[in-house]
Amino acid sequence: MLVLFSSDHKRHNPKFEYYNGAKIPYAERPERIEKIVEACREMGLELKDLKGIRTNKFTDKIEVLHSKQYIEYLKQTSGQVKNKDHIIPSVFIKDTHTPLTESTYSVALESAELAVEAARRLKLNNSQSIYVLCRPPGHHAEEESMAGYCYFNNIALAANDLSIDGKVAILDIDFHHGNGTQKMFYRRDDVLYVSLHADPKAAFPYQSGFSDELGEAKGAGFNYNIPLPVDTTPKLYLKALNNAIDRINEYKPKYLLISLGFDTFVDDPIGGLGLTEKTYFKIGQILNEHLKYPTLIVQEGGYNIDKLGELAKNFVTGFENRYPS
Ligand code: OKP
Ligand code: ZN
């Protein structure tokens with residue numbers, strides 16, 4: 001497995017977010033990706049730092065899924081932060097968890113470009129799986145709005161590119177429902193979106209992720225949500241995962257993209273289903289065994305800094321069919 005990241009992500013480093021008006025420490029820390037990089041290095045995986053990959057032409061590419069006004073607003077507003085640590089934008093935003101710093105726009109662009117570059121490499125050599133450590137994450141970003149630490153929808157941009165080549169399935173196993181990804185492909189049948197997540201009745205993003213959201217128009221039947229209670233045990237989680245896998249195999253995609261979040265871990269500070277360290281090994285193993293497609297794994301959430309390295313190692317060990325250590 002090839003692992004791609006950009007050490008530039010560290011420049012996006014807001015200190016606070018706001019939760020119902022209270023100022024709290026920002027959970028989406030640079031250390032998250034650093035811990036996963038370290039774990040991949042210890043495992044001896046092929047690791048490439050694509051720092052500086054950003055090209056000027058890339059904004060054109062983002063316009064296929066995000067509106068020009070939105071991109072321009074992010075650019076302008078990020079540029080105006082200057083003497084403050086961060087600001088919370090007033091418009092084009094769905095919550096107060098998504099601050100802008102001076103470098104947020106360029107780092108978010110680079111995160112998206114990394115995902116698109118990973119998709120390009122997957123197409124070139126479609127036998128090898130790629131793990132792309134995007135930061136900031138992307139699955140909550142919609143055409144015209146940032147939300148939940150996300151600015152541009154990394155996985156959706158990668159999926160859209162690959163869809164030129166054949167059908168794409170997206171499996172989202174972050175704790176939170178990927179409202180942005182769902183919305184972008186809701187009326188399309190060439191990209192299937194399947195998501196396992198905490199029941200939105202009780203968890204962010206609250207407004208979507210229910211099981212009756214099945215797609216619209218041509219996309220009817222190509223969106224599949226599996227909401228789970230927050231106390232879901234590993235056993236029940238794996239059962240739901242098998243259900244998701246069946247739907248994907250029935251679809252027969254050319255490519256598989258996975259939104260991977262480690263915030264389903266029982267001790268995650270902002271998420272947390274009942275999954276243990278060992279469950280990630282099993283998830284990796286099951287995905288490898290039952291989904292035989294060129295696969296792009298895109299990092300989304302996971303906030304237990306002390307555990308992320310171990311969880312990533314377990315997932316990759318299972319996915320690569322290695323022996324657990
Ligand atoms: C992003 B991703 C903290 C609430 C934080 C925002 C969640 C964003 C999750 N008390 N809510 O899907 O991991
Ligand atoms: Zn999440």
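Along the sequence shown, residues carry numbers from 1. Whatever order the structure lists them in is the order used to number ligands and atoms, beginning at 1.
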Candidates F319, Y237, F262 - the one meeting ring-ring contact (aromatic ring centres under 6.0 Å, His included) with Y280:
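When ring-ring contact (aromatic ring centres under 6.0 Å, His included) is applied between Y280 and each of F319, Y237, F262, only F262 qualifies.
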Would you check if the Zn ion (ligand 2) lies under 2.8 Å from any N, O or S atom of H176?
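Yes, since at least one N, O or S atom of H176 sits under 2.8 Å from the Zn ion (ligand 2).
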Quick check: does E300 put an N/O/S atom under 2.8 Å from the Zn ion (ligand 2)?
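Under 2.8 Å: E300 has no N, O or S contact with the Zn ion (ligand 2).
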Do H139 and D172 have side-chain N/O donor and acceptor atoms under 3.5 Å apart?
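Looking only at side-chain atoms, D172 and H139 do form a donor-acceptor pair, the distance falling under 3.5 Å.
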Test item: side-chain donor near acceptor, R188 and S163, under 3.5 Å:
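Note: R188 and S163 side chains meet the donor-acceptor criterion.
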Euclidean distance, F58 CZ relative to E117 CD, rounded to 0.5 Å:
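Here the rounded value is 10.0 Å.
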Partners meeting ring pair (Phe, Tyr, Trp, His ring centres under 6.0 Å) with F175 (sequence neighbours left out)
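F175: no ring pair (Phe, Tyr, Trp, His ring centres under 6.0 Å) contacts found.
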What does the contact table look like for ligand 1 (nitrogen or oxygen on each side, cut-off under 3.5 Å)?
residue	atom	partner	partner atom	Å
ligand 1	11 (N)	H97	ND1	3.3
ligand 1	12 (O)	H139	NE2	2.6
ligand 1	12 (O)	H140	NE2	2.6
ligand 1	12 (O)	D174	OD1	3.0
ligand 1	12 (O)	H176	ND1	3.2
ligand 1	13 (O)	D174	OD2	3.4
ligand 1	13 (O)	H176	ND1	3.4
ligand 1	13 (O)	D263	OD2	3.0
ligand 1	13 (O)	Y303	OH	2.5

SB check [X] [Y] (cutoff 4.0 Å):
{"X": "K94", "Y": "E142", "answer": "yes"}
{"X": "D8", "Y": "K51", "answer": "yes"}
{"X": "R54", "Y": "E110", "answer": "no"}

For N/O/S atoms only: which one belongs to D174 and is nearest the Zn ion (ligand 2)?
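Atom name returned: OD1.
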From the N, O or S atoms in D263, identify the one nearest to the Zn ion (ligand 2).
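The atom in question is OD2.
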